[in-house]
Colleague: 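Handing you this structure, nothing more for now.
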Amino acid sequence: MTGWDSISSHSQVAAGSEPEAGPALDRFAAAHAAASGTRDTPEFRCALRRRTAGDRHPQVRRYWRLAGEITGEAAPVGVAHAWLLDALDRSAG
């Protein structure tokens with residue numbers, strides 16, 4: 001088992017699950033909040049959405065999809081990250 005296998009977002013992405021709010025997103029937001037020296041609040045999540053806007057660019061997403069094709073990974077780290085960003089967007093309405 002790799003380190004990614006223990007992260008539910010990776011498992012959910014590999015299984016083809018739709019992005020959704022839940023424990024994986026909560027851990028993602030909490031980790032970003034802790035790294036920023038603050039708490040995970042609705043306001044923080046709005047700020048996180050703004051800060052990560054560049055990661056949503058179609059060419060970034062394409063890069064990670066192609067990386068997965070080359071490496072054979074079902075869910076490369078960038079695809080799992082994009083899944084979490086999509087979950088964040090959906091949870092914010």
Side-chain angles (χ1 to χ4, degrees):
M1 173 161 65
T2 67
W4 280 110
D5 292 330
S6 64
I7 299 174
S8 65
S9 66
H10 183 264
S11 300
Q12 289 172 288
V13 173
S17 299
E18 288 293 314
E20 62 185 6
L25 175 60
D26 292 342
R27 285 191 302 274
F28 177 77
H32 277 271
S36 298
T38 190
R39 294 178 307 124
D40 177 18
T41 64
E43 295 79 19
F44 173 79
R45 289 186 182 205
C46 285
L48 181 59
R49 287 179 69 208
R50 287 189 301 274
R51 264 200 329 264
T52 57
D55 294 339
R56 291 175 181 79
H57 192 281
Q59 289 179 335
V60 172
R61 290 175 183 254
R62 181 172 184 266
Y63 170 86
W64 284 110
R65 278 193 310 273
L66 293 172
E69 288 179 24
I70 292 168
T71 64
E73 291 179 84
V77 66
V79 172
H81 186 249
W83 187 96
L84 288 163
L85 295 178
D86 291 345
L88 180 62
D89 290 344
R90 289 180 181 188
S91 74

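All values below come from the heavy atoms of this structure, side chains included, with hydrogens, waters and symmetry mates left out.
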Colleague: I need the minimum non-hydrogen distance between Asp40 and Ala29, along with the two atoms involved.
Modeller: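 Result for this residue pair: OD2-CB, 3.5 Å.
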Colleague: Hey, is the main chain of Glu73 close enough, under 3.5 Å, to the side chain of Thr71 for a donor-acceptor pair?
Modeller: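 Here the side-chain-to-backbone pair exists.
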Colleague: Between Arg56 and Asp89, does the salt bridge (Lys or Arg N to Asp or Glu O under 4.0 Å) criterion hold? Intermediate values first, please.
Modeller: CA-CA 10 Å; Arg56 291 175 181 79; Asp89 290 344; 2.9 Å; yes
Colleague: Return the minimal non-hydrogen interatomic distance between Val13 and Ala80, and the atom names on each side.
Modeller: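 That would be CG2-CA, 3.9 Å.
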Colleague: Is the backbone of Phe44 close enough, under 3.5 Å, to the side chain of Arg49 for a donor and an acceptor to pair up by distance?
Modeller: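 Absent.
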Colleague: If you group Ile, Leu, Val, Met, Phe, Trp and Tyr by side-chain heavy-atom gaps below 4.5 Å, do Leu85 and Val60 land in one group?
Modeller: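 Both belong to a single hydrophobic cluster.
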Colleague: Looking only at heavy atoms, what is the nearest atom pair of Trp83 and Ala24, with distance?
Modeller: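 The answer is CZ3-CB, 4.4 Å.
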Colleague: Are side-chain heavy atoms of Arg62 and Pro58 found at a separation under 4.5 Å?
Modeller: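 Contact flag for Arg62/Pro58 side chains = no.
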Colleague: Side chains of Leu25 and Ser91: does their closest heavy-atom pair fall under 4.5 Å?
Modeller: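 A side-chain contact under 4.5 Å exists here.
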Colleague: What closest approach, in Å, do Ala67 and Pro76 show between heavy atoms, and which atom pair accounts for it?
Modeller: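 Looking at all heavy atoms of both residues, the shortest contact is C-CG, 4.4 Å.
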Colleague: Does a side-chain heavy-atom distance below 4.5 Å link Arg51 with Ser36?
Modeller: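 They are in side-chain contact.
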Colleague: Between Phe28 and His81, how do the two ring planes meet: parallel, tilted or perpendicular, split at 30° and 60°?
Modeller: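 Rings of Phe28 and His81: perpendicular, over 60°.
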Colleague: For Arg39, is the CZ atom crowded, meaning more than 12 foreign heavy atoms sit under 6.0 Å from it?
Modeller: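 Result for CZ/Arg39: open.
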Colleague: Mind checking side chain to side chain contact (heavy atoms under 4.5 Å, CB included) for Ala82 and listing every partner two or more places apart, or none if nothing turns up?
Modeller: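 In terms of side chain to side chain contact (heavy atoms under 4.5 Å, CB included), with neighbours along the sequence ignored, Ala82 is linked to Arg61.
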Colleague: Taking the side chain as every heavy atom from C-beta outward, state whether Glu18 and Gln12 have any pair of such atoms under 4.5 Å apart.
Modeller: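 Side chain of Glu18 against side chain of Gln12, heavy atoms only: no contact under 4.5 Å found.
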Colleague: I'd like to know if Arg45 pairs up with Asp26 as an ion pair, taking the criterion as any Lys NZ or Arg NE/NH1/NH2 lying under 4.0 Å from an Asp or Glu carboxylate oxygen.
Modeller: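 Yes, this pair counts.
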